[in-house]
Structure formats: C-alpha cells, structure tokens
Amino acid sequence: MARRARRYWLMKSEPEVFSIDDLERVSSEGWDGVRNYQARNFMRDEMAVGDLVLFYHSNAKPPGVAGVARVAAEAYPDPTAFDTESKYYDAKSDPEDPRWWQVDVEFVEKFSELVSLDALREAAEAGALEGMAVVQRGQRLSVQPVDRAHFARVLRMAGAKTRVRA
DNA sequence: GCCAACGTTGGC
DNA sequence: GCCAACGTTGGC
C-alpha cells in the first residue's frame, strides 16, 4: 500500500495572536481564520496527517521560524466562518458547502533560537534556500509548501532535534 | 505608523 | 471580463 510521501510546509502566525509557546501549551490547535483561497487549498487539498510544518512568527521582532509543528488532523470546515461572534465570520460560507477549511497542527519542537528571516535571506543568497517562498519579496501567503531540502536546511540552521525522513 | 505588494470586490 | 477602489499582509 503506497503511502503518500510526507510533505513539508510553512505556516505563519503572529506571535501576539498565537505563538509557538501557545502551541506547546495546548499541544494541538485548529488552524482557523485562514481567508485566502490559495492557503485554504493547500490545507484542504494537499495537507495530510504527519506532514511537518515550519512554524513562522510573522509581524514579530524579528520575524522568523520559531519551531516545528506537525499536521494532526486533515482538513475540516473552519467553524469560525459560521460563528457570527467571530472576527473570521463569513456570511457567504454555507454550512452545506463550506468555503473555509482548517487543519489541526500539533507541537513538535521549539527552536532554541529563532531562525530569523534575515538568516533565511542570507542562506538564500548563499544558494542554500534558493527559491524558498518565504524569502521572496511580497510573498504574503500564510500557508506555503516548502521543499524537503529547504526544510532540512532550516532544521540544520536551528540545530533542531527534528529530522526529515522519507 | 508607513507603505509596497497583491488579493478581492463590485460597477460598468 | 476589465479594472479602479479598497482591504490586508507583513516587513521595516
């Protein structure tokens, strides 16, 4: 039985809203509130349980990768889209045909030191992370695929315990 | 707080 | 279907 190869991702979160420490505390969390179709499609159509995720702190000082998470549940409708009290409420999301989806992610590891966006850029300049989406100018996508080699490189830069495997 | 980048909306 | 206006992201 052919199991799909593990894939690798980067997901952005503002640490003021939800940080790697918050994830460690709750151990698992629904990744709600994504309101971008491309990001939604990655979660809904491409993510699978066991995929590894670089947990990126955006709008932070400095911004960068703070740790590793793992996809813990495949996509299901984002309940905040149906919650009129939620800031993510979307009247156009029909419960019979949900517009917005989320996965669950679980805590894997917090890096001893953040791998800053600057460090990622330097590595990209040096050719080690060439083409990685997060270092591209104007790249705003909050859920993005990461090459396995790039993922492994970021782990190495962080001195992480987590390893990529087939 | 500024603003570049870029996605979405809505009038036509 | 075009595209101007508007809103959001996110680095700085």
Side-chain angles (χ1 to χ4, degrees), chain A residues 7-26 29-47 51-69 71 75-105 107-147 150-151 153-158 160:
Chain A
R7 285 196 197 153
Y8 301 91
W9 305 95
L10 179 145
M11 297 172 95
K12 297 180 186 175
S13 182
E14 301 190 18
E16 296 280 300
V17 178
F18 190 77
S19 70
I20 189 79
D21 294 313
D22 294 323
L23 183 61
E24 181 167 23
R25 206 167 299 126
V26 299
E29 177 81 356
W31 205 266
D32 61 21
V34 171
R35 295 294 178 267
N36 169 282
Y37 290 106
Q38 211 182 338
R40 175 207 67 184
N41 292 347
F42 283 134
M43 288 199 293
R44 188 188 60 186
D45 306 334
E46 314 234 11
M47 281 187 173
D51 285 1
L52 289 182
V53 176
L54 295 175
F55 194 111
Y56 181 89
H57 283 175
S58 61
N59 246 320
K61 291 181 221 167
V65 180
V68 180
V71 176
Y76 56 94
D78 179 343
T80 63
F82 311 122
D83 176 4
T84 54
E85 303 289 295
S86 171
K87 65 183 263 203
Y88 301 121
Y89 175 67
D90 181 358
K92 292 187 213 151
S93 186
D94 174 2
E96 297 300 309
D97 182 20
R99 177 178 294 198
W100 304 115
W101 296 67
Q102 65 181 74
V103 295
D104 287 349
V105 301
F107 179 81
V108 173
E109 173 179 8
K110 179 186 176 179
F111 293 158
S112 52
E113 263 187 87
L114 185 94
V115 179
S116 69
L117 180 57
D118 278 350
L120 294 173
R121 287 225 176 91
E122 277 169 34
E125 295 265 319
L129 292 176
E130 205 162 25
M132 190 178 183
V134 75
V135 302
Q136 310 293 326
R137 189 150 177 276
Q139 177 51 264
R140 302 182 306 158
L141 200 58
S142 66
V143 177
Q144 47 186 256
V146 176
D147 291 351
H150 290 167
F151 199 100
R153 171 59 65 127
V154 173
L155 293 181
R156 194 132 57 89
M157 289 168 74

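In what follows, every heavy atom counts, from backbone to side chain, and hydrogens, waters and symmetry copies are set aside. In the text below, chain A, chain B and the rest are named by the order of the sequence lines, each starting its count at 1.
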Would you say the ring centroid of A:W9 lies under 6.0 angstrom from that of A:F55?
-> no
Above 12 or not: heavy atoms from other molecules or residues under 6.0 Å from CD of A:E125?
-> no
Would you name the heavy atoms of A:L117 and A:Y56 that are closest together and state the gap between them?
-> CD2-OH, 3.7 Å
Salt bridge or not for A:R35 and A:D78, using N-O below 4.0 Å?
-> yes
So, A:D104 versus A:Y76: side-chain donor-acceptor pair below 3.5 Å or not?
-> yes
When the C1' atoms of the five terminal pairs at each end define the local axes, what inter-axis angle does the helix from B:dG1-C:dC12 to B:dC12-C:dG1 show, to 10 degrees?
-> 10°
With the threshold set at 4.0 Å, does a side-chain nitrogen-carboxylate oxygen contact exist between A:K110 and A:E24?
-> no
What nucleic acid atoms does A:R35 come within less than 4.0 Å of, heavy atoms only: base, sugar-phosphate, or nothing?
-> nothing
Sugar-phosphate atoms are those with a prime plus P, OP1 and OP2; base atoms are the rest. Using that split, label each nucleotide of nucleotides 7-12 of chain C B, S or - for protein heavy atoms under 4.0 Å, 5' to 3'.
-> BBBBBS
Report yes if some heavy atom in the side chain of A:P62 is under 4.5 Å from a heavy atom in the side chain of A:L114; otherwise report no.
-> yes
So, A:T80 versus A:D83: side-chain donor-acceptor pair below 3.5 Å or not?
-> no
